[in-house]
Asker: 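Sharing a structure below in C-alpha cells format, with a few things to ask.
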Protein chains: 2
Amino acid sequence: MKCLSYADFFSNFANKTRLNIIMALKEKPLSVTEIGNHIKEEQSKVSHNLKKLSACHIIIAEQKGKNRIYSLNKETVMPILQLIEEHIKNNCKKCDKHETKKHIP
Amino acid sequence: MKCLSYADFFSNFANKTRLNIIMALKEKPLSVTEIGNHIKEEQSKVSHNLKKLSACHIIIAEQKGKNRIYSLNKETVMPILQLIEEHIKNNCKKCDKHETKKHIP
DNA sequence: AAGTCATATGAATACTTATTCATATGAAAT
DNA sequence: ATTTCATATGAATAAGTATTCATATGACTT
C-alpha cells in the first residue's frame with residue numbers, strides 16, 4: 001500500500017467519516033462492527049475508511065478471533081487534535097471580535 | 001465567511017496547492033503574485049486557495065499598497081508540520097521493516 | 001476620473017474522492 | 001467440509017472539490 005505523504009496523512013482528518021472514527025477510537029479500541037454502530041455507518045463504508053486510516057498509521061489493527069480490533073495511534077493523534085483545538089479557540093475569538101470591521105480575510 | 005471546523009481546517013493540509021503555499025510562506029511573507037511565481041501556479045488559482053487558508057487563519061493578510069502580503073500563522077502551523085514529520089519518520093521505518101510479513105494494515 | 005497593476009470572485013467544467021452494492025476472503029465453530 | 005459471523009475489496013455511481021476563464025473590485029498614479 002502507498003506510503004505516507006503530507007496530503008494523504010491530513011486527508012484523514014479532513015474527512016468527516018474518518019474523523020468520526022478517530023473520535024470513536026479515542027475512548028477505546030473497537031472492532032469494525034462496533035465502530036459502525038458507534039458512528040452509525042454501514043460496514044463497508046467503515047472498512048474502506050479504516051483502510052485509509054491504517055495506511056497512514058493513524059490506527060492499527062489487531063486480529064482477535066473473528067474480529068479486527070482497531071486502536072488509535074494516540075501518540076500522534078492526540079497532540080494534533082490538541083493543537084487544532086487550541087488554534088480554533090484562539091482564532092475564533094479573534095473572528096468574533098473583528099467581525100464588524102472592514103473585511104481582510 | 002464560514003468559521004472553522006476540524007475538517008475544513010485539515011483540508012488545507014490535505015491539498016497539494018495549499019500545502020505548497022504554506023511551504024512557500026514558511027520562509028517569508030509574500031504577495032499573491034510572488035506566491036504564484038514561487039509555486040508556479042496561476043493567479044486566480046492561488047487566490048482561491050489563499051481564501052480557504054485564511055478562512056481558517058492558517059495565513060493572515062496585510063494590505064501593503066496595491067499588494068496583499070500573506071504570512072503564515074507559524075504558531076499553529078509549525079508544530080503541526082513538526083508532529084507529522086516525526087510521525088512519518090517513525091512509522092515509515094516500521095513500514096519498511098515489516099513489509100515482508102503477512103499484511104495487517 | 002481614467003488608467004494600470006494586483007487581487008478577488010462567480011459560475012462552468014474538470015477532477016478527485018467517497019459511497020454503495022454485490023461479492024470475496026477469513027476465522028472460527030459444528 | 002460446510003456454515004456462520006466479521007471484515008475486506010472491486011467496480012460503478014454519486015458527491016464533493018478544485019481549476020479555469022472571464023470579469024469585477026480595489027488601490028494607487030497621472
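Just so we're on the same page: letters track the sequence lines, and every chain starts at 1.
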Asker: Within the structure provided, determine whether Thr76(A) and Ile58(A) are in side-chain contact (heavy-atom separation under 4.5 Å).
Answerer: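 Answer no - side chains too far apart.
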Asker: For residues 23-32 of chain B, please give each side-chain donor-acceptor pair under 3.5 Å, one per line with the distance, not counting sequence neighbours.
Answerer:
| from | atom 1 | to | atom 2 | distance (Å) |
| --- | --- | --- | --- | --- |
| Ser31(B) | OG | Glu34(B) | N | 3.2 |
| Ser31(B) | OG | Glu34(B) | OE1 | 3.3 |

Asker: Of all residues at least two apart in sequence or in a different chain, which pass the ring pair (Phe, Tyr, Trp, His ring centres under 6.0 Å) check with His48(B)?
Answerer: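 With neighbours one apart ignored, the set is empty.
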Asker: Quick check: does any side chain N or O of Ser47(B) sit under 3.5 Å from a backbone N or O of Ser44(B), one acting as donor and the other as acceptor?
Answerer: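 Side chain of Ser47(B) to backbone of Ser44(B), a donor-acceptor pair under 3.5 Å: no, none is there.
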Asker: Hey, which of Leu50(A), Asn12(A), Ile59(A), Val46(A) is the one that makes side chain to side chain contact (heavy atoms under 4.5 Å, CB included) with Arg18(A)?
Answerer: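 Output: one option passes, namely Asn12(A).
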Asker: For Lys16(B) and dT17(D), give me the distance from atom NZ to atom C1', rounded to whole Å.
Answerer: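 It works out to 17 Å between those atoms.
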Asker: Rounded to whole angstrom units, what separation is found between the CD atom of Glu42(B) and the P atom of dA8(C)?
Answerer: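 Glu42(B) atom CD is separated from dA8(C) atom P by 13 Å.
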Asker: Mind telling me whether Phe10(B) and Phe10(A) have parallel, tilted or perpendicular rings, with 30° and 60° as the class edges?
Answerer: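 Ring orientation, 0 to 90° scale: parallel.
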Asker: With the side chain counted from C-beta on, respond yes when His87(A) and Asn73(B) share a heavy-atom pair under 4.5 Å apart, and no when they do not.
Answerer: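 In contact.
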Asker: Taking donor-acceptor contacts at under 3.5 Å, does the side chain of Gln43(B) reach the base of dA8(C)?
Answerer: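 When only heavy-atom distances are counted, Gln43(B) does reach the base of dA8(C) through a donor-acceptor pair under 3.5 Å.
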Asker: Please state how far atom CD in Glu41(B) lies from atom C1' in dT20(D), giving the value in whole angstrom units.
Answerer: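 Taking atom C1' of dT20(D) as the reference, CD of Glu41(B) is at 12 Å.
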Asker: Are Ile88(A) and Phe9(B) close enough that some pair of their side-chain heavy atoms sits under 4.5 Å apart?
Answerer: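 The answer is no; the side chains never approach within 4.5 Å.
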Asker: When you compare the protein's N or O atoms with those of nucleotides 15-18 of chain C, which come within less than 3.5 Å of each other, and at what distance?
Answerer:
| from | atom 1 | to | atom 2 | distance (Å) |
| --- | --- | --- | --- | --- |
| dA18(C) | OP1 | Asn15(A) | ND2 | 3.2 |
| dA18(C) | OP1 | Arg18(A) | NH1 | 3.3 |
| dA18(C) | OP1 | Arg18(A) | NH2 | 2.8 |
| dA18(C) | OP2 | Lys52(A) | NZ | 2.4 |

Asker: Apply ring pair (Phe, Tyr, Trp, His ring centres under 6.0 Å) to Tyr6(A) and list each qualifying residue two or more places apart in sequence or on a separate chain.
Answerer: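 Once residues adjacent in sequence are excluded, Tyr6(A) has no partner under the ring pair (Phe, Tyr, Trp, His ring centres under 6.0 Å) criterion.
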Asker: Between the protein and nucleotides 10-12 of chain D, list every N/O to N/O distance that falls short of 3.5 Å.
Answerer:
| from | atom 1 | to | atom 2 | distance (Å) |
| --- | --- | --- | --- | --- |
| dG10(D) | O6 | His48(A) | NE2 | 2.7 |

Asker: Can you measure Ile21(B) atom CD1 to dA18(D) atom C1' for me and round it to whole angstrom units?
Answerer: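 Checked: the CD1 to C1' distance equals 12 Å.
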Asker: Check the interface with nucleotides 4-6 of chain D: list each N/O to N/O pair with the protein under 3.5 Å, or write none.
Answerer:
| from | atom 1 | to | atom 2 | distance (Å) |
| --- | --- | --- | --- | --- |
| dC5(D) | O4' | Lys66(A) | NZ | 3.4 |
| dA6(D) | O3' | Asn67(A) | OD1 | 2.8 |

Asker: Would you kindly give the CD-to-C1' distance between Glu62(A) and dA27(C), to the nearest whole Å?
Answerer: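 Whole-Å distance recorded here is 15 Å.
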Asker: Tell me the interatomic distance from Asn20(A), atom CG, to dT19(C), atom P, rounded to whole angstroms.
Answerer: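 So the two atoms are 10 Å apart, to the nearest Å.
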Asker: Is there a donor-acceptor contact under 3.5 Å from the side chain of Asn67(B) to the main chain of Ile69(B)?
Answerer: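 It does not hold such a pair.
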Asker: Nearest heavy-atom pair of Glu41(B) and Lys45(B): which atoms, and what distance?
Answerer: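 Heavy atoms of Glu41(B) and Lys45(B) come nearest at OE1-NZ, 2.9 Å.
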Asker: With a 4.0 Å limit, can you tell me whether Tyr70(B) has a side-chain N or O closer than that to the phosphate oxygens OP1/OP2 of dA8(C)?
Answerer: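 Yes, because at least one side-chain N or O of Tyr70(B) sits under 4.0 Å from OP1 or OP2 of dA8(C).
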